[in-house]
Asks: 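Dropping a structure here in structure tokens format, bear with me for questions.
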Protein chains: 2
Amino acid sequence: MAQNEKPTIMDITRLTGLSKGTVDRVLHNRGEVSKKSYEAVMKAIQELGYEPNVFASMLAKGGSHLIAVLMPEDAPGSFWHLAATGMNKSKDPLLTGGVKVEHFGYNPTDAESLRAAAEKMRDSNPSGVVIAPMFRTGTEMITSVLRELKIPYVFIDSKIDDSGYLAYFGMPMYRSGYLCADQLTGGRPVNNVLVVRIQRDLQGKSDPTVNRRAGFMDYMHEHCPDCVIHNIMIDPSDPVGIEKAMDEYFEANPDTHHIVMFNSRIHLLVPWLDKHPQRGRRVVGFDNLEANMQALSRGAVSVLICQHPDEQVAMAIQALSERIVLGKHPARRDNFMHMDILTRYNVDFY
Amino acid sequence: MAQNEKPTIMDITRLTGLSKGTVDRVLHNRGEVSKKSYEAVMKAIQELGYEPNVFASMLAKGGSHLIAVLMPEDAPGSFWHLAATGMNKSKDPLLTGGVKVEHFGYNPTDAESLRAAAEKMRDSNPSGVVIAPMFRTGTEMITSVLRELKIPYVFIDSKIDDSGYLAYFGMPMYRSGYLCADQLTGGRPVNNVLVVRIQRDLQGKSDPTVNRRAGFMDYMHEHCPDCVIHNIMIDPSDPVGIEKAMDEYFEANPDTHHIVMFNSRIHLLVPWLDKHPQRGRRVVGFDNLEANMQALSRGAVSVLICQHPDEQVAMAIQALSERIVLGKHPARRDNFMHMDILTRYNVDFY
DNA sequence: TTTAATTCCGTGCACGTTCACGGAAATTTT
DNA sequence: AAAATTTCCGTGAACGTGCACGGAATTAAA
């Protein structure tokens, strides 16, 4: 081993009198080596401070692992479509050389489509899986199989009770509601708040925004106990219905100046907001969808709180890659992403 | 080339009838190849969609380039110390296998120390350099040498007029002042604002915060024309002097409720702020120093606008690595980082 | 003790690039 | 036309690891 070069496997062989093959076997502890040799090699590794050369390793094993992403699929401009862009945004140009990513989409309102996607996913024989769980029981079936096959998996967006996941990347939903309330009120007393919600059939579906709403309500109780919180329900597929609902509400409550939605669909209100401009109104929503950001820079929306679904995916892939390629465990198992506050004055550099 | 394997250099040789060596020469366009063969190879590359195997490449050329970071050095808890942590935060575990990073620190108030650091830096024979420029003329001397030696360099934090830099990572200073004003006032009329500044001898030193102040003033003119903006100067090394200055100011102007600083030192005011709590006061500062973030979660400071000096360093190293190792040019030359808004409600997950 | 079974280990090629070296081919000079 | 350049190109040995194969050493069975 030259002066300041890194030690290689061959240095270990020289120190132990053993051969490449044996050293390799203990490095990947795949057995077929005597206790005596095993310890000798371990000792040598310690002494030399040996670290495997990732480049040689990747070259030899011939690249291309597959990471499967099991995640809802939705139209361009939607939350899940934004998340999907994170698959190609892997920070790591070198890891991407050895890792392929494939998206297995499913319909977030149809448990059966999850089954089908999982089926295809398993056929692709992945080395790691990213899961955005929408249905608890369906997800449990998948993870139990993965655990049996010793395929590592990580959750994004939300997670289910489970002991075997490698990591989780998501937003602290309760706290995001708290933050949202603070941004909406500016920490000052407010009389009326309108919460716009989406009606859906919740059969068996876990809705993470309930936690967000809880955080919101708690903040309001603590800081704004006298504020009246109104709710209206809308159907995202019915634009005229939305405008009608808004008109009706504001006819009855003309002195409401604060509007909030807890999901990523604040852009649905933009047509109405544009038609009814109003000074001093404050509108807060979530997630950096293209439509939302446009509304923000035009001033229709005041604040957007962003959880970066795309970054969640990217980090999940990163964690899996490091696990698969380098054998590393992530530093933290549960990773709560930063909540970004976006206004019209910092949205440009996003 | 097997069915869905990636094409290699050998595939190109088969297609062109040339040899490894020649193909390699055109890939790294280092001459010694006829026009005819050059074009043949280029055509084959195009057709096959050839991309070099990074792992094989790194292995063959034998790792370990050096990236030098020429950046002020300061005490723990300071702006530049935070920036320095970004050197080890390289996103890319594989790149770090082939790249070493070394910090050459200098005293940001002493132009001569920059010379000394640059000297040492040159002796280390780096493959790439990250520069945080504090002195214009000193920096120009360095970059001209680097250009001559064809060593790529990138600026962080601020940049000087220069045609040869590979990339720049920094904050949009003017816009950050604008954003700051919006966060301070909440978009509502304000009567008095106190700007706390640091007195220093500006001989030859470029102070990027002047742009920030300009953005701040412009916002105030546009949105708050009647507001009076007061300035006081403090000496960071004199804590009692700071408290005295604050006391004096507030004795004369008891109805000021908005305080702002344009550099990273808002924590200097915390002792005074703690002693004089006041409901409805708003304090805005910059940068995610540990001390600043503590002040934020305690409520002494209302908002922190963060430019992530550590991420700037990390991205600079990333860009240089990709250039050196992969020969890639960065997507954008001037990169304005996102400005994060931190309040006590989202600081925990930072 | 011999043979069979098992456990353990070394050898050698493969992965795709890089680069120094030497030599063939083309061009220029005598 | 031969010699001297110059231009261009092919060869082959690294780089460090992974893994299949076969064989040696050890233990168990006969």
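So you know, we letter chains A, B, ... as the sequences are listed, proteins then strands, and number each from 1.
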Asks: Between D:dT17 atom C1' and A:F55 atom CZ, what is the distance in whole Å?
Replies: 13 Å
Asks: Rounded to the nearest 0.5 Å, what separation is found between the CD1 atom of A:I131 and the CG atom of A:L146?
Replies: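 If I round to the nearest 0.5 Å, the distance is 5.5 Å.
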Asks: Would you say a side-chain N or O of A:S37 is under 4.0 Å from OP1 or OP2 of C:dC9?
Replies: yes
Asks: How long is the line joining CD1 of A:I9 and C1' of D:dG18, in whole Å?
Replies: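 These atoms are roughly 8 Å apart.
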Asks: Which nucleotide wins on minimum distance to the side chain of A:T8, given the candidates C:dG10, D:dC8, D:dT17?
Replies: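 Nearest listed nucleotide: D:dT17.
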Asks: Rounded to the nearest 0.5 Å, how far does CG of B:L18 lie from CD1 of B:I9?
Replies: 12.0 Å
Asks: Assess the residue pair B:D157 and B:M134 against the criterion (side chain to side chain contact (heavy atoms under 4.5 Å, CB included)); give the C-alpha distance rounded to whole Å, side-chain angles, the decisive distance to 0.1 Å, and a yes or no.
Replies: CA-CA 9 Å; B:D157 192 61; B:M134 292 282 102; 4.1 Å; yes
Asks: What is the separation between atom CD on B:E32 and atom P on C:dC19, rounded to the nearest whole Å?
Replies: 13 Å
Asks: Can you tell which of C:dC15, C:dG10, D:dT11 lies closest to the side chain of A:S19?
Replies: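 Nearest to the side-chain atoms of A:S19, counting from C-beta on, is C:dG10.
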Asks: Of B:Y50 and A:V33, whose closest DNA chain C nucleotide lies nearer the 5' terminus?
Replies: A:V33
Asks: Using side-chain heavy atoms (C-beta onward) and a distance below 4.5 Å, is B:Y50 in contact with B:L27?
Replies: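 Side-chain contact under 4.5 Å: yes.
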Asks: Assess whether side chain to side chain contact (heavy atoms under 4.5 Å, CB included) is satisfied between A:M71 and A:I156, documenting all intermediate values.
Replies: CA-CA 9 Å; A:M71 183 173 73; A:I156 56 167; 4.0 Å; yes
Asks: Could you tell me if A:R147 and A:Y153 have a donor-acceptor pair between their side chains, going purely by distance under 3.5 Å?
Replies: yes
Asks: To the nearest 10°, give me the bend of the helix from C:dA4-D:dT27 to C:dT30-D:dA1, comparing the axes of its five terminal pairs at either end.
Replies: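 End-to-end axis angle for the helix from C:dA4-D:dT27 to C:dT30-D:dA1: 50°, rounded to 10°.
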Asks: For the residue pair A:Y168 and A:D162, confirm or rule out a side-chain donor-acceptor distance under 3.5 Å.
Replies: no
Asks: If the cut-off is 4.0 Å, is A:T22 near the phosphate of C:dG10, judged by side-chain N/O to OP1 or OP2?
Replies: yes
Asks: May I have the distance from B:K6 (atom NZ) to C:dG16 (atom C1'), rounded to whole angstrom?
Replies: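 Roughly 11 Å, once rounded to whole Å.
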Asks: Report the distance from atom NZ of A:K35 to atom C1' of D:dT26, rounded to the nearest whole Å.
Replies: 18 Å
Asks: In Å, rounded to the nearest 0.5 Å, how long is the span from NZ of B:K43 to CD1 of B:I12?
Replies: 12.5 Å
Asks: Taking the ring of B:Y165 and the ring of B:F155, is the distance between their centroids below 6.0 Å?
Replies: yes
Asks: DNA chain D: B:A56 or B:K36, which has the more 5' nearest nucleotide?
Replies: B:K36
Asks: Rounded off to whole Å, could you give me the CE-to-P distance for the A:M10 and D:dG18 pair?
Replies: 14 Å
Asks: Starting at CZ of B:F104, measure out to NZ of B:K120 and round the result to the nearest 0.5 Å.
Replies: 8.5 Å
Asks: B:N53 side chain: which of C:dC15, D:dC8, C:dG16 is closest?
Replies: C:dG16
Asks: Check the phosphate of D:dG18 against A:S57, side-chain N and O only, distance under 4.0 Å to OP1 or OP2. Yes or no?
Replies: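 True: A:S57 side-chain N/O within range (under 4.0 Å) of D:dG18 OP1/OP2.
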Asks: For C:dC9, does either OP1 or OP2 sit under 4.0 Å from a side-chain N or O belonging to A:Y38?
Replies: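 Negative; the distance criterion is not met.
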Asks: Go through C:dG10, D:dG16, C:dT18 for me and flag the one nearest to the B:L59 side chain.
Replies: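 Shortest atom-to-atom distance from the side chain points to D:dG16.
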Asks: Could you write out each protein N or O paired with an N or O of nucleotides 19-21 of chain D at a distance under 3.5 Å?
Replies:
from: D:dC19; atom 1: OP2; to: A:R30; atom 2: NH2; distance (Å): 3.0

Asks: Mind calculating the distance between CD (A:E51) and P (D:dG16) to the nearest angstrom?
Replies: 14 Å
Asks: If you check the A:L18 side chain, which of D:dG10, C:dG10, D:dG16 turns out closest?
Replies: C:dG10
Asks: B:I12 CD1 to C:dT17 C1': how many Å, rounded?
Replies: 12 Å
